[in-house]
Amino acid sequence: MRKLSKIIITEMEIKARSCLVYALKEDAGVMEMRLAPVEGNSLLGNIYVGQVEKVADHIRAAFVRFGAEGNGYFPLEEAAHVIYTAGRRGNGPLHAGDEILVQVSRDAMKGKLPALSSNLSFTGKYLVLTTGNKKFGLSSKLSGEDRSRLSKWLADEAAMPDKEYGIIVRTDAADASKEEIVRELEYLKKIYTKTAVLGRNRTCYSLLHEAEPFYLSAIRDTYSNEIDEIITDIPEVYGKIQEYLEEYCPVLTERLRMYQDDLLPLYKLYSLESVLDEIQREKVWMKNGGFLMIQQTEAFVSIDVNSGKYTGRKKAEETYRKINLEAAQEIARQVRLRNLSGIILVDFINMENPDHREELFHVLQKYLRRDSVKCRAVDITPLNILEMTRKKVRRPVVEDIRELERV
């Protein structure tokens, strides 16, 4: 039986500032949370005409200014498929002064500059157009039957010679008609032409493409069949979501609801204040009496599993197995909820039985697969330290909260 999700978008005060808050709720609780000041916007996904200020060969990177927003970090490996403005002649190495098209691939975090990419991505509900990778690909979550059908529908497009873009078919495409796929493809190609082709003639520091509001991209990244309800108490947000759904996902329009209750605010109805408090605490209690200690260091995230108040009367090995299995589910939730990324090391309670260790590894993998951000369990060492990685896209939620205090 598939798990249904409820999406909540509301406004609440955090650290004395008004913020838009997005929450994804399932039976196990709130699984994801994103927030942004009402008066501020993330740069993630925006595309600019940037100018190379300095090439640092020793760290294989360049620093690119992209307007009033300042500089960004550009890996030199990206230069292989960079798009220059019309003034550049030839395909030699990147130099200071070159004007190139860049997309913000990661927001600034922990004092680090925003990360920039020359692989421009134009993301729809069913497809993604990319300028760096010009191949045709399909989501690994699609079934064999869906992959075959969708490949046939897009065969002519995939076989076109000398394309300047690639196509990735997303999981949601499994439930779309051929007409919907073709319509979105044409729409994305228009955005691509306006941005990546005509943008080469724009002036330096121009904003070529502004990413959609973060709550719309969050809705887009959630598998439609798993969304039971989208609820907001903000009329403007309701209108934007309705417009988006009518254009790209009509099946969800009937699941959109405007919440109106002056006595009980939406954020209190779903206890979002408690969720924010939970995100900022290092200790997380589990239902079985055990607890997690989650600590962010400069190099990695450390998660320690503890037996705590667990009072099971069975043998120690079975007790540890039960605590670890519940911890695996809660760790997958906390990683998504807090938006932890990079290297994550989990110290599970030691188990002697290798079958139990293998079971734990596969159970964690199962929960991690529900994450829309690429997340992978790598291995469990003999000391029961599990190594996992999660792609860095946005700042951890706790950093977003701290940023509110600095402004």
Side-chain angles (χ1 to χ4, degrees), residues 3-10 12 14-15 19-36 42 44 107 109-110 214-215 217-219 221-223 226-228 230-231 266-288 290-297 300-306 325-346 363-377 386 388-404:
K3 294 184 178 180
L4 294 179
S5 305
K6 182 172 292 191
I7 290 174
I8 303 126
I9 300 148
T10 187
M12 56 189 294
I14 306 172
K15 304 295 182 183
C19 293
L20 272 180
V21 176
Y22 161 97
L24 177 71
K25 185 180 183 302
E26 294 178 359
D27 291 341
V30 175
M31 306 299 290
E32 293 181 18
M33 181 170 276
R34 306 185 194 183
L35 58 93
S42 165
L44 188 66
D107 273 325
M109 56 176 71
K110 288 185 182 178
F214 77 95
Y215 54 85
S217 61
I219 292 172
D221 291 341
T222 305
Y223 188 35
E226 296 179 351
I227 299 176
D228 183 50
I230 302 172
I231 181 170
L266 187 57
Y267 69 87
K268 286 193 176 292
L269 177 65
Y270 290 101
S271 304
L272 297 187
E273 289 172 312
S274 298
V275 177
L276 283 168
D277 289 340
E278 176 187 350
I279 289 171
Q280 296 175 81
R281 289 197 302 268
E282 289 188 345
K283 180 182 282 191
V284 178
W285 286 100
M286 297 185 290
K287 292 178 182 178
N288 62 20
F291 65 89
L292 307 175
M293 286 297 294
I294 304 174
Q295 295 178 313
Q296 175 85 60
T297 71
F300 58 87
V301 176
S302 166
I303 303 179
D304 189 28
V305 181
N306 295 270
L325 289 177
E326 182 175 340
Q329 181 177 9
E330 186 59 33
I331 286 166
R333 173 178 172 264
Q334 290 293 331
V335 165
R336 290 176 66 187
L337 179 64
R338 298 166 184 247
N339 193 34
L340 302 176
S341 59
I343 299 171
I344 302 171
L345 302 180
V346 185
V363 166
L364 180 60
Q365 282 186 317
K366 180 186 76 172
Y367 289 122
L368 294 179
R369 278 195 287 269
R370 295 188 59 81
D371 196 339
S372 61
V373 175
K374 187 176 181 180
C375 190
R376 185 169 69 94
L386 183 137
M388 56 186 281
T389 62
R390 190 167 185 265
K391 185 178 180 180
K392 293 182 180 180
V393 179
R394 303 179 308 279
R395 290 183 301 203
V397 178
V398 71
E399 283 194 30
D400 287 331
I401 295 171
R402 291 172 185 157
E403 188 67 25
L404 296 173

Any chance you could lay out the side chain to side chain contact (heavy atoms under 4.5 Å, CB included) test for F214 and L44, step after step, and finish with the verdict?
CA-CA 9 Å; F214 77 95; L44 188 66; over 6 Å; no

Measure the spacing between CD1 of I230 and CD1 of I9 and express it to the nearest 0.5 Å.
6.5 Å

Whether the side chain of R390 engages the backbone of L340 through a donor-acceptor N/O pair (distance < 3.5 Å, no angle test) should be reported.
yes

Going by the rule side-chain contact (heavy atoms from CB on, under 4.5 Å), which residues pair with T222 if we only count those two or more places apart in sequence or in a different chain?
I7, Y22, L24, I227

Who passes ring-ring contact (aromatic ring centres under 6.0 Å, His included) against Y267, sequence neighbours left out?
none

Residues two or more places apart in sequence or in another chain: which of them pass side-chain hydrogen bond (donor to acceptor under 3.5 Å, both in side chains) with E282?
Q295

Atom CE in M33, atom CG in N339: separation rounded to 0.5 Å?
12.5 Å

Qualifying residues under salt bridge (charged side-chain N to carboxylate O under 4.0 Å, His left out), relative to R333, sequence neighbours excluded:
E278, E330

Which residues satisfy the side-chain hydrogen bond (donor to acceptor under 3.5 Å, both in side chains) test with S217, sequence neighbours excluded?
none

Taking salt bridge (charged side-chain N to carboxylate O under 4.0 Å, His left out) as the test, write out the residues that go with D304, two or more places apart.
none

Any idea which heavy atoms bring S341 and V301 closest together, and the distance?
O-CG2, 4.1 Å

Partners passing salt bridge (charged side-chain N to carboxylate O under 4.0 Å, His left out) against D228 (at least two apart in sequence or in another chain)
none

Check: residues 269-276 side-chain donor-acceptor pairs under 3.5 Å, at least two apart:
unit_1, atom_1, unit_2, atom_2, d
Y270, OH, K6, NZ, 3.2
E273, OE1, K268, NZ, 3.1

Does the pair Q296 and R338 meet the rule for a side chain to side chain contact (heavy atoms under 4.5 Å, CB included), with working shown?
CA-CA 11 Å; Q296 175 85 60; R338 298 166 184 247; over 6 Å; no

Looking at I343 and L345, what are the two nearest heavy atoms and their distance?
CG2-CD2, 4.0 Å

CE-CD1 distance between M388 and I303, expressed to the nearest 0.5 angstrom
6.5 Å

Salt bridge (charged side-chain N to carboxylate O under 4.0 Å, His left out) involving K391 - partner list, sequence neighbours excluded:
none

R394: partners by side-chain hydrogen bond (donor to acceptor under 3.5 Å, both in side chains), with sequence neighbours left out:
none

Can you find a heavy atom in the side chain of L337 that is under 4.5 Å from one in the side chain of V397?
no

Residues forming a side-chain contact (heavy atoms from CB on, under 4.5 Å) with A328, sequence neighbours excluded
L360, V363, L364

Within a strict 4.5 Å, meaning less than it, do heavy atoms of the I401 and L35 side chains meet?
yes

By side-chain hydrogen bond (donor to acceptor under 3.5 Å, both in side chains), which residues pair with R395, not counting sequence neighbours?
D400

Minimum side-chain heavy-atom gap R34-E32 below 4.5 Å:
yes

Decide yes or no for R336 and R370: does some side-chain heavy atom of the first lie under 4.5 Å from some side-chain heavy atom of the second?
yes

To the nearest 0.5 Å, tell me how far K374 NZ sits from K392 NZ.
15.0 Å

Just to verify, which of L368, V284, V305 counts as forming a side-chain contact (heavy atoms from CB on, under 4.5 Å) with I331?
V305

Interatomic spacing from CG in D221 to OG in S372 - rounded to 0.5 Å
5.5 Å

Between E326 (side chain) and K287 (backbone), is there a donor-acceptor pair under 3.5 Å?
yes

